[in-house]
Each structure stands twice: as C-alpha cells, then as structure tokens.
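A short write-up of the structure that comes next.
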Amino acid sequence: MTTTIGAVAPDEGIHRSPVVAPVKFERGSIFHRTLRERVETYFRETGRKQRDCWQMYLKSVVVLLVLAGSYFGILMLGGAVLPTLLLAVVLGGSMALVGFNVQHDGGHRSYSTNRWINKCAALTLDMLGASSYVWARKHNSIHHSYTNITDHDDDIDVRPFGRLSPHQPRIKMHRVQHLYLWFLYGFLPVKWHFYDDFRNIAVGQIGCTKMPRPKGLDLAIFIGGKIFFFGMTFVLPMFFLPWWLVIASYGVATFVEGVGLSVVFQLAHCVEEAEFPMPTPETHRIENCWAVHQVETTVDFAPRSRVLAWLVGGLNCQVEHHLFPQICHIHYPAISKIVEDTCREFGLRYLSNPSLLAGISSHFRFLRQMGRPALTAA
Ligand SMILES: [Zn+2]
C-alpha cells in the first residue's frame, strides 16, 4: 500500500522499519471551513476563552495533589504490604489522570496561550517516565495527522501482539487477542520507560516515520526526565521500603495507568464504528480532506457523561478533540452539538457510542473481528 523510500543501512546494526512516503489529503473542504466558523462563532458569542480556563487550573491542582499524596503516602506507610499496594492503585490512577487532564492539553498547546505554561504541563509526562519530546512527534504530528492509516499511525501498531487494522497481517495468536490484549495494555508504560523512548531516539524514527533526534534543551529534558523518574521510582523509595515492594508498587501503579490510558484511547479509534482508510498507492493520497478523515476514523463514547469527561480530560469526545486539538478539553461537550449537527448537514456519519460500556463492548468485538481470518484485507 505504501512505498518504501528508505531502509536500514546494513552497517549500522540497528533495525529500522522501512520509512514510508508521507500521506497527502485533499485540500480543505467547505465542511471544515463551516465547522471552524461555527465553533469560532460559539466562542465569540459566549465570550468563553478557548484556553486558560480556571476549571483546568483547578483540576490540575487536584490531580497533581492526588498524585503527590499517593506517592508520598506509599513512602510513609513504612512497608505495610497491602496498604502500600492499594495506594499504588491510586497512584497509577492519578498518573493516568495527569496524562489525560494536564499533559495531553499541554502537549497540544491547548492548556494556555502562554507557551511556557503549555511546556510545563507537557513536561508532566517526563515526570511520569515517558518523553514529552517523543510524544509530541508520535501523538501530535503522526497520530493526529494520519489517524488510523496503517503503517503511518503508530498508535494502531502493536504488532506482533495485536492486529488493530484490517490492513495488518494476521497471525495465529490474534484469534484470541480480544481476551489477552486488555492485560497487555497494562505493560505499555513499562515499555515506554525502558524501551520505546530510547529506541525511537536511537533509530531516529517512530514506526515508519522519521523523527529528528533531540538536541540542546530537548536532549537535556529527555535525560533529566529519565533520571528524575527512575530516581523517584526506584532509588528514593528504597530508603523507605524493601526492594521487592518498590518493584511491586511500580508494577501495580504502571499496570493501572497502562490499562486506563490504553482503553480510553482505544475506544476512540479501535472500535467497530471507526474506518481505516488507506492512501491510493500511486499518489499516496487519501480521497478525503483531513477533517472528513478525522470524522470517519474517530468515535466518541459516553459524550453526555460529565463525570467521565472530567476524569478522562474530555477524551470521551475524541471527534471534537481530533478536529480542534488546540481548544482546551473542557469545551468539547459544548461544541459536540455543533460538530454533530454540521456532520449531519454534510451527510457525514457522526460516530459515537452512547456509554462507556458500549464503547468497551465495541472495542471487544473489534478485536475479535480483527483476529478472525475472514477479515484479512485483500
Ligand atoms: Zn491528542
């Protein structure tokens, strides 16, 4: 489907995936222009600010306090096994909350109009052990541009363990991936901490897309972030807890974080309702404009749940997030009506699962379908 334009230099000794040619979209559509105008009108008429919302600052304080409280609580418990592990569950949940509610907006520059406030919010990811530099390329540049395009969107590539696109090859174990992938999601943070970031920087690539290696301040933040995280996670706790309880707490917290983060993101793109368009092989073009592509490949879940919206940083309204990633997430429920109405007017399917359970069920059925041989792409 895609053209290989670069491959591994045999003498370098590092395995790289073949680099694929960039995908192009059709030029901007009336749909996208109309949608942008209507959303701008909404902000003008209501007088609301797109960024720097007090609700965000308040929420950030709350989730960061829960994170700090559970971390230092673990150190203060003096090695009591069960309370420590229970607090590790809270710690893992709060790590996911910081990711959804602080880091994600900071990384998209939708937190504030001040670039340093955005930078500080984005840096919470380095505090949580993963590189904000790599994330900005993987998520902002790649995932948000080439959503659900096989061999471009690295988020749908969990090979060999899972098959998350009808255009990926199927192997025997995918037959039961709907049963085991949920468990493997829990190991995603460990993979980031110890493998993905280092590998991506070593090879200068994310999946099949080239990535410039960090230099200067970016490199200092990368190294400093890893030292800070490993120090706070493994070195400092050793003064308070037995070594095996430090490892067990790390395992429990990151497992909870990984399942939470993965499931929320999978419900937006890896569900039955989402499409997986491929570019035309000769032109590398997708037949739609970028905005229509986002609507076809992204699905909301429980869009009316205010509790869920608060917890997952508005990522239950991912259609709105993908169309307007630089608007603060607290506005997504309000603009979802504008997006839904405009989609309907332009004859586009607005994809949404009515509840969290409906989204989870759809992801389960999607995984089962992808594991079946009959649905292998021709
Ligand atoms: Zn995003």
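All of these numbers come straight from a predicted model, not from anything done at the bench.
Between the side chain of Thr280 and the backbone N or O of Thr283 there is no donor-acceptor pair closer than 3.5 Å. Side-chain atoms of Tyr180 come within 3.5 Å of backbone N or O of Phe161 as a donor-acceptor pair. Judged by distance alone, the side chain of His193 and the main-chain N or O of Leu128 form a donor-acceptor pair under 3.5 Å. The main-chain N or O of Val295 is never found under 3.5 Å from a side-chain atom of Thr298 such that the two would form a donor-acceptor pair. Checking side-chain atoms of Glu320 against main-chain N and O of Ile335 turns up no donor-acceptor pair under 3.5 Å. Judged by distance alone, the side chain of Arg48 and the main-chain N or O of Phe43 form no donor-acceptor pair under 3.5 Å. At distances below 3.5 Å, not a single donor-acceptor pair connects side-chain atoms of Arg38 with backbone N or O atoms of Thr41.
Cluster membership for Phe324 and Val292, using ILVMFWY side-chain heavy atoms within less than 4.5 angstrom, is shared. A continuous path of Ile, Leu, Val, Met, Phe, Trp and Tyr side chains, each step under 4.5 Å between heavy atoms, connects Val312 with Val259, placing both in one hydrophobic cluster. Put simply, Leu245 and Leu91 are part of the same group of oily side chains (I, L, V, M, F, W, Y) that touch within less than 4.5 Å, one to the next.
In this structure, the separation between CD1 on Ile206 and CG on Asn200 is 5.0 Å, given to the nearest 0.5 Å. To the nearest 0.5 Å, atoms OG1 (Thr113) and CD (Gln326) are separated by 12.0 Å. Here the straight-line distance linking atom CD of Glu272 with atom CG of Asn353 works out to 8.5 Å at 0.5 Å rounding. Taking CD1 from Ile142 and OG1 from Thr147, the interatomic distance works out to 11.5 Å, rounded to the nearest 0.5 Å. Remark: His174 NE2 to Leu367 CG distance equals 10.5 Å, nearest 0.5 Å. The CG atom of Leu323 sits 11.5 Å away from atom SG of Cys317, with the distance rounded to the nearest 0.5 Å.
Checking Asp52 against Ser112 by side-chain atom types alone, a donor-acceptor pair falls below 3.5 Å. Asp105 and His329 are linked by a side-chain donor-acceptor pair at a separation below 3.5 angstrom, with hydrogens and angles left out of the test. Side-chain N/O atoms of Ser336 and Tyr350 include no donor and acceptor closer than 3.5 Å. Using a 3.5 Å distance cut-off with no hydrogens or angles, the side chains of His108 and Asn140 do pair a donor with an acceptor. Side-chain contact, Glu296 with Asn288: a donor N or O sits under 3.5 Å from an acceptor N or O. For the 3.5 Å distance criterion, the side chains of Ser362 and Glu273 qualify, holding a donor opposite an acceptor.
Relative ring orientation between Phe187 and Phe183 is described as perpendicular, the plane-to-plane angle rising above 60° on a 0-90° scale split at 30° and 60°. Between Trp290 and His32, the ring-plane angle classifies as tilted under the 30° and 60° cut-offs. Classified by interplanar angle (parallel below 30°, tilted 30° to 60°, perpendicular above 60°), the ring pair Phe265/Phe100 is tilted. Between Tyr185 and His363, the angle of the ring planes stays under 30°, which puts this pair in the parallel group of the 30/60° scheme. Relative ring orientation between Phe276 and Phe366 is described as parallel, the plane-to-plane angle staying below 30° on a 0-90° scale split at 30° and 60°.
Ion pairing of Lys138 with Asp196 is absent here, as no side-chain N (NZ or NE/NH1/NH2) approaches a carboxylate O to less than 4.0 Å. Between Glu40 and Arg44 there is no salt bridge, since none of the side-chain N atoms of the basic residue sits less than 4.0 Å from a carboxylate O of the acidic one. A salt bridge does not link Asp300 with Lys337: none of the charged nitrogens is closer than 4.0 Å to a carboxylate oxygen.
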Worked check of side chain to side chain contact (heavy atoms under 4.5 Å, CB included) between Ile221 and Leu123
CA-CA 9 Å; Ile221 290 172; Leu123 287 180; 3.5 Å; yes

Could you go through Arg368 and Arg175, starting from their C-alpha distance and side-chain angles, then the distance that decides it, and tell me whether this counts as side chain to side chain contact (heavy atoms under 4.5 Å, CB included)?
CA-CA 7 Å; Arg368 197 173 54 190; Arg175 180 115 209 167; over 6 Å; no

Test log, rule side chain to side chain contact (heavy atoms under 4.5 Å, CB included), inputs Leu64 and Met127
CA-CA 11 Å; Leu64 287 167; Met127 179 184 79; 4.2 Å; yes

Residues Tyr71, Leu236; criterion side chain to side chain contact (heavy atoms under 4.5 Å, CB included); working and verdict:
CA-CA 11 Å; Tyr71 174 79; Leu236 182 63; 3.5 Å; yes

Using the rule given for salt bridge (charged side-chain N to carboxylate O under 4.0 Å, His left out), can you reason through Arg344 versus Glu340, listing the C-alpha separation, both sets of side-chain angles and the distance that settles it, and then say yes or no?
CA-CA 6 Å; Arg344 195 165 293 134; Glu340 186 173 356; 2.9 Å; yes

Do Arg159 and Asp151 pass the salt bridge (charged side-chain N to carboxylate O under 4.0 Å, His left out) test, and can you show the C-alpha distance, the side-chain angles, and the key distance before you say yes or no?
CA-CA 11 Å; Arg159 288 176 282 180; Asp151 290 336; 3.2 Å; yes

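Proximity of the aromatic rings of Phe234 and Phe228 is defined here by a centroid distance below 6.0 angstrom, and this criterion is not met. With ring centers used as reference points, His152 lies 6.0 Å or more from His284. Taking the ring centroids of Tyr250 and Phe230, they lie at or beyond the 6.0 Å cut-off. For Tyr42 and His331, the ring centers are positioned 6.0 Å apart or more.
Looking at every heavy atom in both residues, Arg213 comes nearest to Ile201 through NE-O, 2.7 Å. Between Phe229 and Asp126, the closest heavy-atom pair is CB-O, 4.1 Å. Heavy-atom minimum distance, Ala268 versus Gln318: CB-CG, 3.4 Å. Residues Pro333 and Ile330 share a closest heavy-atom pair of CD-O, 3.7 Å. Taking each heavy atom of Pro277 and Thr297 in turn, the nearest pair found is CD-CG2, 3.6 Å. Between Cys328 and Arg51, the shortest heavy-atom contact is CB-CA, 4.3 Å.
Under a cutoff of 6.0 Å and an axis angle of 45°, Arg137 and Tyr133 form a cation-pi pair.
Asn118 is not listed as a side-chain neighbour of Asn114, based on a closest heavy-atom distance of 4.5 Å or more. A heavy-atom distance below 4.5 Å is not found between the side chains of Leu261 and Leu188. Lys226 has its side chain within reach of Phe198: a pair of non-hydrogen atoms, C-beta onward, lies under 4.5 Å apart. Looking at heavy atoms from C-beta onward, Cys343 lies out of side-chain contact with Arg349 at the 4.5 angstrom threshold. Ile156 has its side chain within reach of Thr150: a pair of non-hydrogen atoms, C-beta onward, lies under 4.5 Å apart. Proximity of Gln294 to Val319: side-chain heavy atoms (C-beta onward) are nowhere separated by under 4.5 Å. When side chains are defined from C-beta on, His269 does not count as touching Leu164, because their heavy atoms never get closer than 4.5 Å. Residues Ile327 and Ser110 form no side-chain contact, since every pair of their non-hydrogen atoms from C-beta on lies 4.5 Å or further apart.
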Name every donor-acceptor pair, under 3.5 Å, that has one atom in a side chain of residues 74-88 and the other anywhere in the protein, sequence neighbours excluded.
{"residue": "Thr84", "atom": "OG1", "partner": "Ala80", "partner atom": "O", "Å": "2.5"}

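In this structure, Glu287 places its CD atom where only 12 or fewer heavy-atom neighbours from other residues, nucleotides or ligands lie under 6.0 Å away.
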